[in-house]
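Every number for a ligand or one of its atoms is a count from 1 in the order of the listing. Source: prediction; values computed, not measured.
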Amino acid sequence: MYQIILVRYGEISLKGRNRSQFEDLLIKNISHALKGLDYQKISKAYGRIYIESDHNWEAIVEALKRVFGIVSVSPALKTELNMDAIKEAAFELMEGRPNTTFKVKARRPNKHFPIDSMTVNQEVGGYLLRSFPGLSVDVHQPETELNIEIRNEGAYLYHTFISGLGGLPVGCGGKGLLLLSGGIDSPVAGYLSLKRGVTVEGLHFHSYPFTSERSKQKVIDLARILTGYTGQSQMLLWIAYFTEIQKALQKSRYPDLNITLMRRMMLRIGTTLAQREGALALITGDSLGQVASQTMESIYAINAVTTMPVLRPLIGLDKQEIIDLAREIGTYQTSILPYEDCCTVFIPKNPATKPHLEQVLTAEAQYDIDALVEEAIARTKCITVSDTIKIFS
Ligand code: ATP
Ligand code: MG
């Protein structure tokens, strides 16, 4: 029944000069998200984006619900700027709900329209009451709201505001390299970075044959789910060769520092790769105090290998909050598949919870760190992950 979908965006409109760039990016991401769906056109006018489609609106709305930057959408009828046309559309919208309490709520950003909002409310409300005897007005808690927006380009009538994800359009926030394990946390960290407009590439440390092909496939599947939120049809995933480093670390004279050393290697490799790829930050799924490697002392000792910003979007979240988000975004079921990751295979019996940087440096002195990093990077491969899997929350 609807002909057009109104798309509202929030923070973009605050961005002054960059506004039209942001709008164009959002439109580009929307058109990616709508790929394969039937619609006539996407256009923008006065702080709104419109998608014209005379059928299929449910599928379009579902796709829009996964595009960052959108605050809400409303499937609507569009009419010409005269009262007869507006009443006719109001009639059509209320036809399916002839026995509810209702309220007409008009807004008139277009001040050239000669009738003010109050009068529109009264005229349209009166007309509907006469047309449908089962209707009654309730201005405080109506079961149905009939919104009428009178704008320069036409009048829009709709019932609902459907929430979008908010955030900023992906692509407006620089690039970050996400350290993506097969666990619950790092995909959520990736999602939250995408939410703030960051273009994300993934980096996974694979320790074949200690970790299996299936554990790698799980990470690819997680990247694919994240791709559904990128506004692009694909995402790059780097698979770093971590086997030799793991083997070397097994010979450490300080086994309780192994996790710290392993994480430091990850950040070193990540930093080199990020610089090569033009990424300006690393992103991890750390949450303060969750495990031994995520105490403040550990984070300090691990972070010391890089001057690149390390974003930790989950830092203040409890595990349950992270799990809830993982469920919501559709990564949880994949994350809990049982395949081992490199940390579970190599975890020491008593990992240090408060490693001292000096001890860590002593422990690293037995290794040729640069050579290990170089080898891992030389054997790192890139996979292009596409979003062909559809996500159902
Ligand atoms: P996750 O659920 O994301 O695996 P976790 O609670 O298991 O997190 P750790 O295993 O301590 O925590 O890992 C902390 C962070 O280090 C991860 O969130 C991720 O960003 C990164 N990381 C760990 N293992 C890997 C890996 N094999 N490849 C890439 N990044 C990793
Ligand atoms: Mg993990």
For this session: Taking only heavy atoms of G285 into account, list the atoms of ligand 1 that are under 4.0 Å away from them.
Result: 17 (C), 18 (O), 20 (O)
Exercise. Does any N or O atom in M266 lie less than 3.5 angstrom from one in ligand 1, N or O only?
Worked result: no
Seminar exercise, completed: Near L203 (heavy-atom distance under 4.0 Å), the atoms of ligand 1 are 29 (C)
Exercise. Run the ring-ring contact (aromatic ring centres under 6.0 Å, His included) check on Y50 and Y156 step by step: do they pass?
Worked result: CA-CA 11 Å; Y50 300 103; Y156 299 88; 4.9 Å; yes
Exercise. Counting both backbone and side chain atoms, is some N or O of I283 under 3.5 Å from an N or O of ligand 1?
Worked result: no
Problem set entry | Neighbour count above 12 (heavy atom, 6.0 Å) for F91 CZ | yes
Problem set entry | Option among V139, D138, T144 that satisfies the side-chain contact (heavy atoms from CB on, under 4.5 Å) test with F102 | T144
Exercise. For ligand 1, which atoms sit closer than 4.0 Å to a heavy atom of G183?
Worked result: 1 (P), 2 (O), 4 (O)
For this session: Closest by any non-hydrogen atom to atom 3 (O) of ligand 1: pick that one out of S215, G270, S186.
Result: S186
Exercise. Under the side-chain hydrogen bond (donor to acceptor under 3.5 Å, both in side chains) criterion, do R8 and S74 qualify, and how do the steps go?
Worked result: CA-CA 9 Å; R8 301 181 191 81; S74 295; 3.0 Å; yes
Problem set entry | Any N or O of T284 closer than 3.5 Å to N or O of ligand 1 | no
Exercise. Can you list the atoms of ligand 1 that are under 4.0 Å from a heavy atom of I184?
Worked result: 2 (O)
Exercise. Are more than 12 heavy atoms from other residues, nucleotides or ligands located less than 6.0 Å from atom CD of E244?
Worked result: yes
Exercise. Parallel, tilted or perpendicular: which fits the ring planes of Y158 and F161, with parallel below 30° and perpendicular above 60°?
Worked result: perpendicular
For this session: Step through the shown structure and confirm whether more than 12 heavy atoms of other residues, nucleotides or ligands are within 6.0 Å of CD on E58.
Result: yes
For this session: Tell me which part of L180 gets within contact of ligand 1: side chain, backbone, both or neither, using heavy atoms under 4.0 Å.
Result: backbone
Problem set entry | Any N/O pair G182/ligand 1 closer than 3.5 Å | no
Problem set entry | Numbered atoms of ligand 1 (with element) below 4.0 Å of D185, judged on heavy atoms | 1 (P), 2 (O), 3 (O), 5 (P), 6 (O), 8 (O)
Exercise. Are a donor atom and an acceptor atom from the side chains of T353 and T295 found within less than 3.5 Å of each other?
Worked result: no
Problem set entry | Test item, R263 contacting ligand 1 (heavy atom, 4.0 angstrom) | yes
